Amino acid sequence: MSTATYSPSSSTAPPSQPNPAGHDSAGRHRIGLRANLRHIGAFTRRNIMQIKQDPESMLDVVLMPVVFTLLFVFVFGGSVGQALGGDSDSYVNYVVPGLMAMLGMNVAMAVGSGVNDDFRTGSMDRFRTMPVARSSVLIAKIVVELGRMLIAITILLGVGFALGLEIKTSVLALLASVGLAAAFGSSLMWIFILLGLTMKTTQAVQGMAMMVLMPLQFGSSIFAPPSSMPGWLQAFTDYNPLSNLADAARGLISGGPVAHSAGMTLAWAGAITLITAPLAVSKFRRST
């Protein structure tokens, strides 16, 4: 007896069903705003618990503002203070607002190392199996590092007040300078997140970050007025965003022109975020 084998034809195949609402063409669930905020909160709590379990990770935030302030005030305060027409006391009012810019950049560097470490330890493999928004992982890290940054700036200002820092404007202006430093520091975090996603090791992230940090910090008006620098370095300093942030913070705390420096700082922060944040999120999605 002969047998016949039949294969289903395209005409008998069931028609394709449209994707249900809330799913894309690949079947992945779309994350709404409310769920995204919940995910950010959950990952923020996770990052805070990591700090609670490892209190030593806060040593840089606690000690860095103290060490840097004492170092620059007592080592360079005399000579630079005289160049400013005063003494070490007047240098306190000059360098502390500048150190706000420096601390924001140094603390921002830690987020890149944290992202790289999560990939190295396999944490991202666990996140990949969870129905969460990919961007919530990165935003949660920025939220926690922003909190660390504000703690560092608070300690810096406390040390500054102990050494003679004076607010010659108002408390609101002081808070505005802190907010400006936080906004610029948050934008820098996207750069270091991108480095953390690109480099293979934490040491490579830290090494590349230092190559970026050193020229920007010392080629700026953070520690000394640019008038004593060579002409080519003054030109670099004029366009250095850290100089704009330091000058804006000085104007807000001690009085002086603010509009141009603050506007340039916000422009830099917006441009950096608009360019690097989409790149970082795209790189993160491809990596996970």
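Since the structure is predicted, the reported quantities are computational estimates derived from the model, not experimental observations.
When only modelled atom types and interatomic distance are considered, Asn47 and Glu145 share no side-chain donor-acceptor pair under 3.5 Å.
Cluster annotation: Ile191 and Ile275 are assigned to distinct hydrophobic clusters (Ile/Leu/Val/Met/Phe/Trp/Tyr, side-chain heavy-atom contacts under 4.5 Å, transitive). Leu242 is connected to Met214 through a chain of hydrophobic side-chain contacts under 4.5 Å among Ile, Leu, Val, Met, Phe, Trp and Tyr, so both are in one cluster. There is a path of hydrophobic side-chain contacts, each under 4.5 Å, that joins Leu70 to Val95. Hydrophobic cluster membership is shared by Met102 and Val212, with clusters built from Ile, Leu, Val, Met, Phe, Trp and Tyr side chains linked at under 4.5 angstrom. Taking hydrophobic clusters as Ile, Leu, Val, Met, Phe, Trp and Tyr residues chained together by side-chain heavy-atom distances below 4.5 Å, Met58 shares a cluster with Leu150.
By the 4.5 Å heavy-atom criterion applied to side chains, Ile142 and Ile193 are counted as neighbours. Looking only at side-chain heavy atoms (C-beta outward), Met64 and Leu156 stay at 4.5 Å or farther from each other. Looking only at side-chain heavy atoms (C-beta outward), Ile153 and Leu157 come within less than 4.5 Å of each other. Inter-residue side-chain proximity for Met109 and Met210 is flagged as met; some heavy-atom pair is nearer than 4.5 Å. Between Lys283 and Leu194, the closest side-chain pair of non-hydrogen atoms falls below 4.5 Å. Looking at heavy atoms from C-beta onward, Ser261 lies out of side-chain contact with Met264 at the 4.5 angstrom threshold. Between Phe161 and Ile167, some side-chain heavy-atom pair lies under the 4.5 Å cut-off. Between Leu103 and Met149 the shortest side-chain heavy-atom distance does not fall below 4.5 Å.
Taking CD of Gln206 as the reference point, atom CG of Asn116 lies at 9.0 Å (rounded to 0.5 Å). Rounding to the nearest 0.5 angstrom, the gap separating the CG atom in Leu195 from the CE atom in Met211 is 11.0 Å. Rounding to the nearest 0.5 Å places CG of Leu138 at 12.5 Å from CE of Met189. Put simply, CG on Leu245 and CZ on Arg250 are 9.5 Å apart, with the number rounded to the nearest 0.5 Å. The CG atom of Asn93 sits 4.5 Å away from atom OG of Ser254, with the distance rounded to the nearest 0.5 Å. Atoms CG and CG, on Leu252 and Leu174 in that order, are 9.0 Å from each other to the nearest 0.5 Å.
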### Message
Could you walk me through whether Ile253 and Lys168 satisfy the side chain to side chain contact (heavy atoms under 4.5 Å, CB included) test, starting with their C-alpha distance in whole Å, then the side-chain angles of each, then the deciding distance to 0.1 Å, before giving a yes or no?
### Response
CA-CA 6 Å; Ile253 295 175; Lys168 299 179 181 179; over 6 Å; no

### Query
Yes or no on side chain to side chain contact (heavy atoms under 4.5 Å, CB included) for Phe74 and Leu163, after CA distance, side-chain angles and deciding distance?
CA-CA 10 Å; Phe74 290 110; Leu163 295 177; 4.0 Å; yes

### Task
In sequence, state the C-alpha distance, the side-chain angles, and the governing distance for Val143 and Phe43, and then conclude on side chain to side chain contact (heavy atoms under 4.5 Å, CB included).
CA-CA 10 Å; Val143 170; Phe43 283 116; over 6 Å; no

### Query
Would Lys141 and Thr44 count as a side chain to side chain contact (heavy atoms under 4.5 Å, CB included) if you check the C-alpha gap in whole Å, the side-chain angles of each, and the deciding distance to 0.1 Å?
CA-CA 7 Å; Lys141 285 191 172 294; Thr44 299; over 6 Å; no

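Smallest separation of non-hydrogen atoms from Phe192 and Ala209: CE2-CB, 3.5 Å. Shown here for Val92 and Gly160, the closest heavy-atom pair between the two residues is CG1-O, 3.9 Å. Nearest heavy-atom pair, Ala248 versus Ala262, reported as atom, atom and distance to 0.1 Å: CB-N, 3.7 Å. Here the closest non-hydrogen pair linking Ser221 and Asp247 is OG-OD1, 3.1 Å. Smallest separation of non-hydrogen atoms from Arg148 and Ile51: CD-CD1, 4.0 Å. Scanning both residues, Ala280 and Trp190, for their nearest heavy atoms gives CB-CE3, 3.9 Å.
Between the side chain of Ser282 and the backbone N or O of Pro278, no donor-acceptor pair lies under 3.5 Å. Between the side chain of Ser57 and the backbone N or O of Asp54 there is at least one donor-acceptor pair closer than 3.5 Å.
Residue pairs satisfying the side chain to side chain donor-acceptor pair (under 3.5 Å) criterion with at least one member in residues 179-188, sequence neighbours excluded, are absent.
Here the two rings, on Phe218 and Phe223, have centers that are under 6.0 Å apart.
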